[in-house]
Amino acid sequence: MEIIESLKIKEKAYIEKLENGLTIIIIPKKNTNKKHIVWGTNFGSIDNHFVDPTTNKEVRIPDGVAHFLEHKMFEQKSGVNSLDKLMSLGVEPNAYTTNDHTAYYYECTDKFYEALDELMDYVQNPYYTDENVEKEKGIIGQEIKMYEDDPSWRLYINGLDCMYHKNEIKLDIAGTVESISKIDKEMLYSCYNTFYNPSNMLIVACGNFKPEELLKDIKERLIEKKDQGKIERIYEKEDETINKKYKEDKMPISIPLFMIGFKDNPNKEQKVKRHIAIEILLNILIGKSSKLYQELYDEGLVTTRPDTGYEFSKNYAHVTIMGQSKDPKKVEEMFLKQLKEIKNNGIDDNDFKRAKRKIYGDYVIEYNDVGDIARIFLSDYMKGVQSFDYIEDFDTVNKQYVEQMLKEVFDEEKMVMSVVNCE
Amino acid sequence: MEETKIDIKKGIKFHKIVSNKFKTDLIAVFITVPLQRDTITYNALLPMVLRRGTNNIKTQQDINKELENMYGASFDCGVDKNGDNQVMKFYLEILDNQYVLENEDILKQGLKLLIDIVCNPYIENNAFLKKYVDGEKQNLKQLIEEKIDNKAKYALERCTEEMYKNKPYGMYKYGYIEDLNDIDENKLYNYYKKMLQECKIDIFITGDIKSNIEDEIRNNENIMKLAEREEKYIKEGERDIEQENNIVNESMNISQGKLVIGLDLQNMEKEKTYSAMVYNAILGGGSNSKLFQNVREKASLAYTAGSTYLKKKNNIFIRCGIEISNYNKAVDIIKKQLKDLEKGEFTEEDIDNAKRIVMSNIRNIEEEQDLQITYYYGQDFSEEKMSIKEYENRVENVNKEEIIDIAKEVKVNTIYFLKD
């Protein structure tokens, strides 16, 4: 196995790519009783148009298939529901679907291998019937409704709609009640065969493991499948410009929500370095010790620090700043003023050093929990990034580079705003 | 994980929890006072004002700078209910000294800062700063108003209020907007001074602690100023009102209905807690549970369906998100599950499954620093010392008869439904 190591945080990762194309990453962690394993496939809500590698034909599928598949993976031909079975072992199983991947996992302090049998069995053996597919439409319908009532979700989706013209990231991960009505079992099998091929998948495990042993145990439980090669995905061509500046909605809430977004170019090099610089900038611009945050707080415009982040994958990238305020317009105004000021005057040395220390601490703290570690390695891998780089590349991020990113990424032309007002 | 309990002085305890599983240390200060209608809003407001500035670091911005310099240590505070008590909680999570880039003792710095925030606030003219109190009153008002924003939480909160009408536990932990007008920087400070000398104080540190940190606490000048005290707090709270099948409906513009059913186990003896935990896990503890299987999987009525057991008050809350028109159907199915449990219609396998869920939660305590703190705080509160192992054994020994006994004692107290 290939070993990568981060001396600073005293962690190692063991990586192996098997002949069938499956990649396995194991991060051993000695002092914990918790074990976490996640099996991910590079199939998310954005993958709705692709070339079937077995027929070489272009296929279009309704929105929400990846998520629907996730729901339907647990049912077994024997009548056993694998989620129930895993729960009954006392482990904590679950699954989730994102824009670019689907993941099945469990976390446990005991019965790891019994649970591994079940996980590897159900992910490799789909069982769909007309009845069980129909039944799921009711459950997912309720899930979609739950999200409809969630103001933060609406805020976010509207923000994406402002940034993107056609990019698939705008789609609701679960699809719509209308789009999922078109899903049937044949479609699920066909997508399963395409996207659940080992060459499109990754297993990450973190906990008190001996890597070579766990690797052997995983291999023993794999059924034979051939590497079918890369799946060609067809995405809508996305212009660099934003779709619209502003979108507003109304919901029964006590105080308006706002999201400021900056659309970024996903095709830039040095993504990790860029990401670190953006985190530092967000901290300097609107972090807890920033002048702007203090002003907003003093004027009663925000009560907690807005959540900020940089989201990216292979075909999208954007900055988000989300919070609540009685006057989102005023927040936007003050934010723009602060942005201009820092662009003109440059970044203060002390602010830069402090932000760097904080961001470094944040990265180290991510290595506290086996579940967080496994999730980070999985999602980074799907983006084409190596997780330890965040620690290792850290020193290379200097003020000059950060100032360059400030101009490049925090460009007013690429800025959007989404607001959810009170009814 | 090992806890050492050290009496700093009467009424003030230090809990040192040594564990080498983490890259961080977690420091916490808990202040416990009885839940009372005339002080609840004061206690909710206090942590918010205290976080604004100390006598040494006068602004929040400067506190935050200090925290960022400690590699982004994170400070958090808030209030919670614990039985019929209100607990003001202050936390500081900080990188363990072995991972910092220069040779610094940031644990010591962090501890000092946290104690400063709690015990040594910024005072002018023998009062809190007016600007801070006025600002935080606004923020608290907003926090109270936000209650409606998360519909699932709101429904649970409302159900609790209905069950504990006019009882301490029925109060909202953040207090009441109508109290705010009357609170000013003088009144709040006078209340604070008195409260700080009478309350129960618990200081916790968990992490890979190597230094003799208890001396730091004992010799901290703010701690030295605190008096010995008879801790005033409520060990056994008031029971809920004797009521059955109290039905409450409320309307809001929403697309999914939120159903919360509050169950009562009010006459249960303390030793039966473990059976109640297993009972709850069979009823709604996970995807094997009666609720998940019957409300979600078989009837396809819900996406969320489950229950939680509130140990301190001996209540179980059933919670489902359902299509509004399916209300009657859902209530019928849920009531049938309760009846089935009473009749003993569950298998040994159901019991084993439920126990494993409970056990895995127990084992998890050691794996998360805030859970460790909550666990030892709970033990201190109930004045019992139980190892994780022993806790597991108690759950393991629960048998079917004991679960049926619980099922027979369960009464539906309130059915609350939030609809359109």
Side-chain angles (χ1 to χ4, degrees), chain A residues 8-10 31-34 81 83-84 86-93 108-111 135-136 138-143 145-146 148-149 151 251-255 283 287-291 293-294 297-298 300 303 324 326 353-355 357-362 364-365 367-370 423, chain B residues 19-24 59-62 64-65 67-73 93-95 99 101 131 135 138-139 142-143 145-149 151 252-256 285-288 293 296-297 300-304 321-323 349 352-353 355-357 359-360 363-364 366-369:
Chain A
K8 278 189 193 142
I9 54 163
K10 306 178 191 167
N31 296 323
T32 173
N33 296 324
K34 261 208 259 185
N81 182 305
L83 195 63
D84 302 349
L86 287 165
M87 292 280 277
S88 70
L89 288 170
V91 310
E92 286 174 49
C108 64
T109 47
D110 201 7
K111 309 252 184 220
K135 194 201 77 184
E136 206 63 29
I139 295 172
I140 295 178
Q142 283 304 315
E143 189 180 358
K145 288 207 165 171
M146 185 177 80
E148 279 173 9
D149 283 341
M251 290 180 86
I253 48 174
S254 63
I255 179 165
N283 199 66
K288 277 191 172 166
S289 72
S290 65
K291 193 174 127 232
Y293 176 69
Q294 202 49 52
Y297 193 94
D298 285 343
T303 55
Q324 337 176 272
K326 59 184 181 194
K353 270 189 213 141
R354 212 176 49 241
R357 275 168 82 102
K358 178 191 167 2
I359 302 301
Y360 181 78
D362 289 351
V364 179
I365 288 175
Y367 286 86
N368 242 354
D369 178 72
V370 293
E423 257 174 10
Chain B
S19 154
N20 63 356
K21 291 170 189 281
F22 311 96
K23 290 188 158 55
T24 47
T59 68
Q60 199 172 21
Q61 189 177 14
D62 286 337
N64 287 328
K65 282 185 180 168
L67 291 166
E68 286 174 6
N69 268 327
M70 295 178 207
Y71 297 88
E93 187 189 41
I94 192 162
L95 221 53
Y99 298 100
L101 296 170
K131 180 181 152 194
Q138 271 310 309
N139 291 342
Q142 191 179 315
L143 201 60
E145 283 167 349
E146 267 166 32
K147 194 170 145 188
I148 63 160
D149 290 357
K151 307 301 179 257
M252 214 184 260
N253 181 13
I254 50 172
S255 60
Q256 184 183 66
S287 69
N288 281 296
Q293 284 303 323
R296 173 171 152 146
E297 293 298 308
S300 198
L301 289 181
Y303 174 67
T304 55
I322 56 170
E323 187 75 45
E349 200 191 334
D352 286 347
N353 290 343
K355 279 184 186 172
R356 272 196 284 264
I357 289 176
M359 303 275 243
S360 134
R363 275 190 214 117
N364 219 10
E366 290 186 274
E367 306 297 322
E368 284 177 37
Q369 288 174 306

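Quick caveat, the model's predicted, so the values are computed rather than measured. Proteins get letters first, then strands, A, B, ... in listed order; numbering begins at 1 in each.
- Side-chain contact check for A:Gln142 versus B:Gln256: some heavy-atom pair is nearer than 4.5 Å.
- Between the B:Lys23 side chain and the A:Ile365 main chain, no donor and acceptor come within less than 3.5 Å of each other.
- The CZ atom of B:Arg356 sits 11.5 Å away from atom CG of A:Leu86, with the distance rounded to the nearest 0.5 Å.
- Of the listed residues B:Lys147, B:Lys151, B:Glu323, the one with more heavy-atom pairs under 4.5 angstrom with chain A than any other is B:Glu323.
- Of the two parts of B:Ala302, only the backbone, made up of N, CA, C and O, holds a non-hydrogen atom closer than 4.5 Å to a non-hydrogen atom of chain A.
- Annotation: side chain of B:Leu101 is in contact with side chain of A:Tyr360 (closest heavy-atom distance under 4.5 Å).
- Between chain A and the options B:Asn20, B:Leu301, B:Ile254, heavy-atom pairs under 4.5 Å are most frequent for B:Asn20.
- By the 4.5 Å heavy-atom criterion applied to side chains, A:Tyr293 and B:Gln61 are not counted as neighbours.
- Put simply, the side chain of B:Glu146 reaches to within 4.5 Å of the side chain of A:Ile255, judged on heavy atoms.
- Between chain A and the options B:Thr59, B:Asn64, B:Ile322, the largest number of non-hydrogen pairs under 4.5 Å is found for B:Asn64.
- Here CZ of B:Phe22 is found 9.0 Å from CG of A:Asp369. Values are rounded to the nearest 0.5 Å.
- Residue contact with chain B, scored on non-hydrogen atoms closer than 4.5 Å, is absent for A:Lys353.
- Note: A:Ile139 leads A:Ile140, A:Asp110, A:Ile139 in heavy-atom pairs under 4.5 Å with chain B.
- With values rounded to the nearest 0.5 angstrom, B:Glu367 atom CD is found 11.0 Å from A:Asn368 atom CG.
- At distances below 3.5 Å, at least one donor-acceptor pair connects side-chain atoms of A:Asp149 with backbone N or O atoms of B:Ser255.
- Heavy-atom pairs under 4.5 Å with chain A were tallied for B:Glu366, B:Lys131, B:Met252; the largest tally goes to B:Lys131.
- Side chains of B:Asn353 and A:Met87 form no contact here, defined as non-hydrogen atoms less than 4.5 Å apart.
- Within the 4.5 angstrom heavy-atom criterion, no atom of B:Ser19 approaches chain A.
- Listed for the B:Gln60 side chain is no donor-acceptor partner under 3.5 Å among the backbone atoms of A:Gln294.
- When every heavy atom of A:Gly90 is checked against every heavy atom of B:Ser360, the shortest pair comes out as O-CB, 3.1 Å.
- Around CD of B:Glu349, the count of heavy atoms belonging to other residues, nucleotides or ligands within 6.0 Å does not exceed 12.
- Put simply, the side chain of A:Thr303 never gets that close to the backbone of B:Asn139: no donor and acceptor are under 3.5 Å apart.
- Atom NZ of B:Lys65 sits about 15.5 Å away from atom NZ of A:Lys358, to the nearest 0.5 Å.
- For the pair B:Gln142/A:Gln324, a side-chain contact is recorded, criterion being any heavy-atom separation below 4.5 Å from C-beta on.
- Taking B:Gln138, B:Arg296, B:Glu145, B:Met359 one by one and counting their heavy-atom pairs under 4.5 Å with chain A, the maximum is reached by B:Arg296.
- Here B:Lys355 contributes atom NZ and A:Ser88 contributes atom OG; the two are 14.5 Å apart, rounded to the nearest 0.5 Å.
- Listed options B:Leu143, B:Asn364, B:Asn253, B:Asp149 were ranked by heavy-atom pairs under 4.5 angstrom with chain A; first place goes to B:Asp149.
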